[in-house]
Protein chains: 2
Amino acid sequence: MKLAFDDFRKIMRIRTPLDIGLAIRDRRRKLKLSQAALARKTGVGRQWIVAVEHGKSRAELGLVLRILSVLKLPLTIGPDHRRLVLDDGPDPVDIDAIVNAARDDRT
Amino acid sequence: MKLAFDDFRKIMRIRTPLDIGLAIRDRRRKLKLSQAALARKTGVGRQWIVAVEHGKSRAELGLVLRILSVLKLPLTIGPDHRRLVLDDGPDPVDIDAIVNAARDDRT
DNA sequence: GGGAAAAGTCGTCGATCGCCTACAAGTAAA
DNA sequence: TTTACTTGTAGGCGATCGACGACTTTTCCC
């Protein structure tokens, strides 16, 4: 069974900041984006991308969520392992809306 | 099909810091932990728990990952929706090890 | 090899972090 | 009511954030 995005089939368990960094880097490269380009799309500094891809543990949660949205990398919680998983609905991904909302979300 | 932990079957897609906060609060209450107790177990201040549960967007990624480990809330990336999911292995969760490692992980 | 783009590093800056102490409101039991 | 517990806030503190500009190193392509 072949999919448009092979990499999309890979499920990765996130345990450390580095796990996220690697996932981000992988995805960024598959999308042919430079760090600078991704930084622009996400609304962060390029150095921040560098740090996060290297596993920066003190990165802001909001920014991390934002970059995952930009990269269309879905994040899920709770679905414990070894279990049949049916998502609870369609995937109304509206990146711009998410990103824009996140922009002013700074509590 | 009944499971030991009903709530564990729920899969939640994380889009915003508040999503994480709600998941944390839910889980904490199911485990009968007070914010203070969870803060102690996680190694953070109680106010941080309060803020995160309310959707603090600038929370540190490392601490968020830590509290998810303490609560045994698995986080996954990439498994896009509506797909059969088979975890890639056992679940060698060793909270103390994870937490301790994270403690000095401050890049 | 040579040149350019990408990636990584450093230092400065204002803003915010997370921790602490303390206080107030709400609940529940005695 | 009194006591105890939980949750939410506020102010102060040292430490660090992330943006930015400038620089060096690495990677890529002709």
Side-chain angles (χ1 to χ4, degrees), chain A residues 7 14 16-71 73 75 98-107, chain B residues 7 14 16-71 73 95 98-107:
Chain A
D7 46 306
I14 302 301
T16 72
L18 183 56
D19 290 339
I20 290 189
L22 295 178
I24 289 175
R25 165 156 291 192
D26 262 30
R27 184 81 177 137
R28 175 176 64 77
R29 289 189 166 154
K30 292 218 169 79
L31 294 180
K32 309 275 194 204
L33 288 172
S34 69
Q35 294 176 336
L38 178 55
R40 243 179 293 113
K41 282 175 76 81
T42 310
V44 298
R46 187 175 62 82
Q47 297 84 345
W48 185 84
I49 303 276
V50 174
V52 168
E53 288 190 351
H54 282 263
K56 181 182 186 63
S57 67
R58 310 196 58 174
E60 291 183 12
L61 176 63
L63 297 183
V64 173
L65 259 29
R66 235 157 86 186
I67 198 174
L68 292 181
S69 288
V70 169
L71 291 174
L73 272 179
L75 194 65
I98 294 174
V99 173
N100 287 330
R103 273 184 193 282
D104 321 288
D105 189 30
R106 313 223 154 186
T107 302
Chain B
D7 45 307
I14 303 301
T16 72
L18 184 55
D19 290 340
I20 290 188
L22 296 178
I24 288 175
R25 165 157 292 191
D26 262 31
R27 185 81 177 135
R28 175 176 64 79
R29 288 187 167 156
K30 291 212 169 85
L31 294 179
K32 308 275 195 206
L33 289 172
S34 69
Q35 293 177 336
L38 178 55
R40 245 178 292 114
K41 282 174 75 83
T42 311
V44 299
R46 187 176 62 84
Q47 303 84 333
W48 185 84
I49 302 278
V50 173
V52 168
E53 288 189 351
H54 283 251
K56 181 181 186 63
S57 68
R58 309 196 60 174
E60 292 183 13
L61 176 62
L63 296 182
V64 173
L65 259 28
R66 235 157 87 186
I67 198 175
L68 292 181
S69 287
V70 169
L71 291 174
L73 272 178
I95 301 176
I98 294 174
V99 173
N100 288 329
R103 271 183 193 283
D104 322 286
D105 188 30
R106 312 226 154 185
T107 303

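Below, chains carry the letters A, B, ... as their sequence lines are ordered, and counting in each starts from 1.
- Listed by chain and residue number, B:Leu18 satisfy the side chain to side chain contact (heavy atoms under 4.5 Å, CB included) test with B:Leu22 (two or more places apart in sequence, or in another chain).
- Proximity of B:Arg46 to the phosphate of D:dC5: no side-chain N or O atom is located under 4.0 Å from OP1 or OP2.
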B:Leu63 and B:Thr42: CA distance, side-chain angles, deciding distance, side chain to side chain contact (heavy atoms under 4.5 Å, CB included) verdict: CA-CA 8 Å; B:Leu63 296 182; B:Thr42 311; over 6 Å; no
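- Legend: residues meeting side-chain hydrogen bond (donor to acceptor under 3.5 Å, both in side chains) with B:Arg25, ordered by chain and number and at least two apart, are B:Glu53.
- Minimum heavy-atom separation, B:Ala59 to B:Val64: CB-CG2, 4.1 Å.
- Out of C:dC19, C:dA7, D:dT7, the shortest distance to the side chain of A:Arg28 is found at C:dA7.
- Taken over five-pair windows at either terminus, the axes of the helix from C:dG1-D:dC30 to C:dA30-D:dT1 are inclined to one another by 60° (rounded to 10 degrees).
- Without hydrogens or angle criteria, A:Arg46 side chain to A:Ala36 main chain gives no donor-acceptor distance under 3.5 Å.
- In this structure, A:Arg25 does not reach the C:dA6 phosphate: none of its side-chain N or O atoms is under 4.0 Å from OP1 or OP2.
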Mind listing the N/O atom pairs, protein and nucleotides 28-30 of chain D, below 3.5 Å?
none

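- Nearest nucleotide to the A:Trp48 side chain, out of C:dC19, D:dT9, D:dA19: D:dA19.
- Looking at A:Arg27, its side chain does come within 3.5 Å of a backbone N or O of A:Leu71 through a donor-acceptor pair.
- When distances run from any side-chain atom of A:Gln35 to the nucleotides C:dA7, D:dT7, C:dC19, the shortest one goes to C:dA7.
- With sequence neighbours excluded, the residues forming a side chain to side chain contact (heavy atoms under 4.5 Å, CB included) with B:Ala51 are B:Lys56, listed by chain and number.
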Side chain to side chain contact (heavy atoms under 4.5 Å, CB included) between B:Leu61 and A:Glu60, worked out: CA-CA 6 Å; B:Leu61 176 62; A:Glu60 291 183 12; over 6 Å; no
Show the distances under 3.5 angstrom between N or O atoms of the protein and N or O atoms of nucleotides 10-12 of chain C.
none

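- Look at A:Lys56 and you'll find a side-chain N or O under 4.0 angstrom from OP1 or OP2 of D:dC17.
- In this structure, B:Ala59 reaches the sugar-phosphate backbone alone: every heavy-atom distance under 4.0 Å involves primed, P, OP1 or OP2 atoms, never a base.
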